[in-house]
Every structure is written in structure tokens, then in C-alpha cells.
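Right, one structure below, let's go through it.
First listed ligand is number 1; within each ligand, the first listed atom is number 1.
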Amino acid sequence: MAFLKNLKNQPIDGELAIALSKSYPLYKHGFVKVGEKKWFLPYKCAEQDNINKILNFEIRPDDTWIISYPRSGTTLTQELTWLVANDLNFDEARQRTLIERFPYLDLGLILEDDVLANDTPEEQKISKYSIEFVQNQPSPRFIKSHFPLDLLPTVVNNDCKIIYVARNVKSVAVSWYYFQKDLKLYEGTFEQMCDDFMNDHLMWTPYWEHVKTAWAIRHKPNVLFLFYEDLRKNLVENIKKIATFFGKTYNEVQIVKLAEHLNIENFRKNPMVNRHMPTQRGNPKVFIRQGKTDGWKELFTLELEKRFNKWIVDNLKDTDLIFPN
Ligand code: A3P
């Protein structure tokens, strides 16, 4: 394996690799820990050519990036942002899929080639949304990524717009579990997945580093840091906040129409936002599920909650990052 020379990369092997291969049967080439912070990524992401393309991605000042840890409300934030930035062009939003309007940088790298080869023709079309596809989008570009900001140095060192969305980590865990289970990406139990989460053995972990890196730059004028729970509680206020970020003003009627469009029931029925991913096998429930802020309680035992709470406290003690209740 050839890796980028100035990034420390550590292939995962031995007993850990064997254990992980049981949980992640689709990832035949295994995982790698990338860089100082040891980002846990599939082998394909960490190959030199691919990591180089990510690290050197050519940014344009009129780009808008949405970065998040998976299952944090990315899709909702993408649709909201795209509409606000594009003068509430509902006609286009109803005709072009979100992934075409707002492509996903990581997509071609997170699934192994033989998995992508089994996709339906429609899904294969989506899997061709490679880094080059994203790069060659006409301006202004809207780009989603789950890569942490320190693997996206060209984004951070630019004045393009960056929106980061974070969510209560227990809700992320439950949502991430159902998502990976439905797509057969992860075959372990919920408890095992939580251990892998806390031990930084889930994709794009370490989770806290992911969030804290974005939190650290939240005061920059080109950065907006949002919480899923706030979006759920105060959608109208957040629409206004995002509109201000883009220098747009909308009246109450327009805002109510947008809020209605973003309502999870309407979202669920909207094929432009709920068909999103290769290997989704047309299942719209994969992306748009419950949208609850307390749904995590269904899967957490008291013992697991205790361990999670300790993990949260340990990781928040050196920061002023506070999640909404
Ligand atoms: P749940 O699995 O808890 O329901 P992401 O887009 O980052 O993958 O986040 C997915 C989470 O956002 C899922 O959470 C999903 O149901 C929720 N979600 C998607 N669209 C939504 C909407 N329009 N309103 C509220 N929540 C939404």
C-alpha cells in the first residue's frame, strides 16, 4: 500500500482487523487510520491517489460545503441550504435529485468497487459521482462531505461557505446503526457498534475530533455551525439564519412554504431527496427515518447510556462546546 508521505497512515491488521471484518463484511480490503488524528477510513479512501485528491481538492470561493458526521441531519441541511441559496427554486428542486444538485464528495471512495458493481443501473449512475464529477460541477457548487475538516485543508483555508451540522451523539449512534444495518454495511449488534464508535472504529471517527475541529472555526464569517436539534425545534429561525448567511431575505409566506417542503413527512415522499446512495436498493426509509430528537432512548440500555455519558463528559471537558438539550 502506498500512502501519502506526509500523512502518517496506519493499516489496521491482526486481531482487530479480523474482528472488524466480521462487523464489516463488505469491506474486504479493510480499514486504515489516517493522519495524526487517526481517522478511521476504508482502505480505498486512504490510497495515495485518492487521499491526494481530497487533500488537494480545488476550491472555488463561491462553493458551499456542508460537512457533518453521518446521520447528523445533513440531508435536511442540504435541501434547506440549496433552496435558500437558489432563490427558493422549488421547480428545480422537484426535478433534479439532491445528489445531483449537491453532490457527495466521499461517495466514490467509501464503498469497495465490487460492491458498487452489484448496484442497479440507477445506483451505478450515482456511484459514478466521483471526486472528478464533483470537481467539474459548474459554479456555484454545493458539496457535501463527511470528511473531517483537517482532511479538507483547501476548504478550511478558503473563504468559501462552510456549514457544519452536529447532532446529539446518542441520536447519531442509533440513526447510524439503523442506516448501516439496512445497507448491510455493518453487521454487528447495536452494543458492538457503540463500542466501535467509542473506540474510533466507525467510519469518519474519531467523532469528537470531527465535531470539535469544526467548532473551533465557528466564529469565522464564512462558517455556520448548526445543531440538528435546533433545526427541529426552530426551523423558521434557522431558515432565516441561513438566509442571512447567504445575504438573502425571504418573507414569512416563502419561509412557511420552505418549512413545509422540509417537513419530514413531505421529505419522505419526495423522491428527489430520499434516493441518495448506491446500494440503497430503492429503499427511501434508509435516509429519511424518524427524525426524532429522543428516539435514541429506544435502543440504549441504562448500562450503555452510563458508558456513553462518561464518553461524552470525558470528551467535552476541554471545550466550550455545548449541545442543545
Ligand atoms: P433518524 O435516523 O434519527 O430518523 P443525515 O442526512 O445526516 O444522514 O441524517 C439523517 C437523519 O436526519 C435521520 O435521523 C433522518 O430521519 C433525519 N432527517 C432526514 N430528513 C429530515 C427532515 N426533513 N426533517 C427532520 N429530520 C430529517
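In summary, Asp150 and Lys37 engage in a salt bridge, as defined by a charged side-chain N under 4.0 Å from a carboxylate O.
Side-chain atoms of Asp106 and Ser145 form a donor-acceptor pair, as typed in the model, at a separation below 3.5 Å. In the model, Tyr69 has a side-chain atom that pairs as donor or acceptor with a side-chain atom of Trp176 under 3.5 Å.
Ligand 1 places these atoms under 4.0 Å from at least one heavy atom of Gly291: 1 (P), 4 (O), 16 (O), 26 (N). For ligand 1, the atoms sitting less than 4.0 Å from at least one non-hydrogen atom of Tyr228 are 12 (O), 17 (C), 25 (C), 26 (N), 27 (C), numbered in the order shown with element in parentheses. Atoms of ligand 1 lying under 4.0 Å from any heavy atom of Ile288, numbered from 1 in the order shown and given with element: 16 (O), 19 (C), 20 (N). Contact atoms of ligand 1 toward Ser175: 1 (P), 2 (O), 3 (O), 13 (C), 14 (O) (distance under 4.0 Å to a heavy atom of the residue).
Geometrically, Lys240 does not engage Tyr250 in a cation-pi contact defined by less than 6.0 Å to the ring centre and at most 45° from the axis. Note that Arg218 lies outside the cation-pi zone of Phe225, set by a 6.0 Å cut-off to the ring centre and a 45° limit from the axis.
The local environment of NZ in Lys212 is crowded, with over 12 non-hydrogen atoms from other residues, nucleotides or ligands closer than 6.0 Å.
Looking at Leu262 next to ligand 1, an N or O pair under 3.5 Å apart turns up. Remark: ligand 1 and Arg167 share an N or O pair separated by less than 3.5 Å (distance only, no angle test). Ligand 1 has an N or O atom lying under 3.5 Å from an N or O atom of Ser72, backbone or side chain. Remark: ligand 1 and Arg71 share an N or O pair separated by less than 3.5 Å (distance only, no angle test). Geometrically, ligand 1 and Ser171 share no nitrogen or oxygen pair separated by less than 3.5 Å.
A 4.5 Å side-chain heavy-atom check between Phe300 and Lys170 finds at least one atom pair inside the cut-off.
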